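Please read the structure below before turning to the comments.
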2 protein chains.
Amino acid sequence: MLKYQQTADEIERYIEQHELKQGDKLPILEELIRQFAVSKTTMTKSLELLERKGIIFQVRGSGIFVRKTNRTGYIRLFSTQGFKQNLVGHTIESTVLSLEPIAATDNIAKNLGIEAGETVYYVKRIRYIDGKILCLEESYYRQSIVPYLNREIVEQSIFEYLETALQLNIGFSDMYMHVGKLSAESARHLDLTEGDPGLTIETVFHLTNGRPFDYSVITYHYEHSHFVVQANGLYL
Amino acid sequence: MLKYQQTADEIERYIEQHELKQGDKLPILEELIRQFAVSKTTMTKSLELLERKGIIFQVRGSGIFVRKTNRTGYIRLFSTQGFKQNLVGHTIESTVLSLEPIAATDNIAKNLGIEAGETVYYVKRIRYIDGKILCLEESYYRQSIVPYLNREIVEQSIFEYLETALQLNIGFSDMYMHVGKLSAESARHLDLTEGDPGLTIETVFHLTNGRPFDYSVITYHYEHSHFVVQANGLYL
DNA sequence: TAGTGGTCTAGACCACAAG
DNA sequence: TTGTGGTCTAGACCACTAC
């Protein structure tokens, strides 16, 4: 394990164990360097990680402070962690509606950067959070990269399977969001009414080597999905 | 200007000028270091910036490649740049509906971490993108931090005024998103119908020193707001 | 195995915050 | 002015990719 990663984890644990609150001050840089016995550069990198994760903020000339959101029950939309880490304390379950190889349509092909007609695994499922409907998901995996899927895998975390069993290295992703009115079919799956609001996020996932391997379209149940994003140095 | 920042900008310009496309390879690290005459650490930091901005991706043992989204007309939701940079090629205009100091309600006070009753500037405006209604915004600025606002400032970019004229250093922000049905009043302002879908983002903005100074509630027009997020190493 | 990016270090020097 | 975080460097060594 990387030193700066491990150091960051330990500092995070320290914050949790000491139940530090928003605004509480951590030991100064020099002190942290001494305690964790790492170089200044490494400690800086660890702190930068924690900063991006929204756990601390650093003020030059002043100190390092704990950062916390003051709301609970929100789903962390862009966490550095995965879906799982992200939802500690919540139960996620899935019902699989479809699982079959199909030929890529033009739209799927375009998003995955492949030729129309190439075989992709089509997965359709409903995901539940704490027993309530969270979202309807339709995903398309390139079969040349994900050669095999079965119902058991798809009922659990697909990405965990890809990383552990298939040893795929998941890199970056492009997400496209918009809000609209639910179609009759989506509404039926989400146990809502046609025309109700729905947040749709389309995502193209890439491996670390830049190859797209999954295009997914997720429509969230508007009453059960509240998101939080901890951003840094930006203002919309 | 910081060296790593400037180097990053130059590389970005290089990519634009050479019209490089998704997947095109940049010179290798060593070569970049030589060309820009910086240390390896600095170049690494520049590249990391560009990576977070979604402009490149790096593959160990292979090279550095250009990353691009393949969709246009989407608003970059969490750019490292501000709203303005973000919307190059688009025209943003505002109509001010209200601008007055008021006493903070419990909800406002809670979000800003202040006492209820403290004076905040209340700004309500409609924002247009390329002549179309983009969103309805209601913002509350702590008067102790933002002592003065007038109509002229509020019609332009408030944040630009805060940074340049007031010399405030804007740090991080917490954003809370949810989708719902528009109230009659919101619908009227957005020229939509009551019950239509709306994406609401509440944001608490902090200075670099961690003090919250602005709580804003923005409801987006669902037909005119499509967002893109380029994420790194995460999977929802 | 060669090519290429990533981590880590020690230390000099810089820049901002708060009293 | 003092305390404290940020930038930058040169260089050693590590780890992944692709052939």
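Numbered from 1 within each chain, the chains take letters A, B, ... in sequence-line order. Model, not experiment: these values are computed from the prediction.
Comparing atom distances between the A:Lys45 side chain and each of C:dT4, C:dT7, C:dG6 picks out C:dT7 as nearest. Among the nucleotides D:dC8, C:dA17, D:dC16, the one closest to the side chain of B:Leu2 is D:dC8. Closest to the A:Lys3 side chain, of the nucleotides C:dG6, C:dT9, C:dC16, is C:dT9. Comparing D:dC16, C:dA17, C:dT9 by their closest approach to the side chain of A:Val59 singles out C:dA17.
Mapping B:Ser39 and A:Leu26 onto DNA chain D by nearest heavy atom places A:Leu26 at the nucleotide closer to the 5' end. Of the two residues contacting DNA chain C, namely A:Ala37 and A:Gly61, the nearest-nucleotide position lying further toward the 5' end is that of A:Ala37. Each of B:Leu29 and A:Met43 was matched to the nucleotide of DNA chain C holding its nearest heavy atom; the match closer to the 5' end belongs to B:Leu29. Where A:Thr208 and A:Glu51 meet DNA chain D, the nucleotide closest to each residue was compared, and A:Glu51 sits on the side nearer the 5' end.
With rounding to whole Å, B:Leu168 atom CG is found 15 Å from C:dA17 atom C1'. Rounded to whole Å, atom P of D:dG5 lies 11 Å from atom CZ of A:Arg60. A:Arg34 places its CZ atom 13 Å from the C1' atom of D:dT4, with the value rounded to the nearest Å. Taking atom CD of A:Glu30 as the reference point, atom C1' of C:dA12 lies 15 Å away to the nearest angstrom. Rounded to whole Å, the distance from CZ on B:Phe65 to P on C:dT4 is 10 Å. A straight line from CG of A:Leu47 to P of D:dG5 spans 9 Å, rounded to a whole angstrom. The separation between A:Asn209 atom CG and D:dA15 atom P is 20 Å, rounded to whole Å. Rounded to a whole Å, the CD atom of B:Glu48 is 11 Å from the P atom of D:dT7.
If you check distances only, the side chain of A:Lys40 never reaches the base of C:dG11 with a donor-acceptor pair under 3.5 Å.
Aromatic rings from A:Phe205 and A:Phe159 are positioned such that their centres are separated by under 6.0 Å. Centroid-to-centroid, the aromatic rings of A:Tyr74 and B:Tyr176 come within less than 6.0 Å. Here the two rings, on B:Tyr122 and B:Tyr141, have centers that are 6.0 Å apart or farther. Checked against a 6.0 Å centroid threshold, the rings of B:Tyr140 and B:Tyr121 do not count as neighbours.
B:Glu10 and B:Gln6 share a side-chain donor-acceptor pair at under 3.5 Å. Between the side chains of B:Asn111 and A:Arg71, at least one donor N or O lies within less than 3.5 Å of an accepting N or O.
Look at B:Tyr4 and you'll find a side-chain N or O under 4.0 angstrom from OP1 or OP2 of D:dT7. Contact annotation: A:Thr42 side-chain N/O to C:dT9 OP1/OP2 distance is under 4.0 Å. Dashed line: the shortest gap from a side-chain N or O of A:Thr41 to OP1 or OP2 of C:dT7 is not under 4.0 Å. Dashed line: the shortest gap from a side-chain N or O of B:Gln58 to OP1 or OP2 of C:dG6 is under 4.0 Å.
Counting any heavy atom pair closer than 4.0 Å across all strands shown, A:Ile64 reaches sugar-phosphate atoms only and no base atom.
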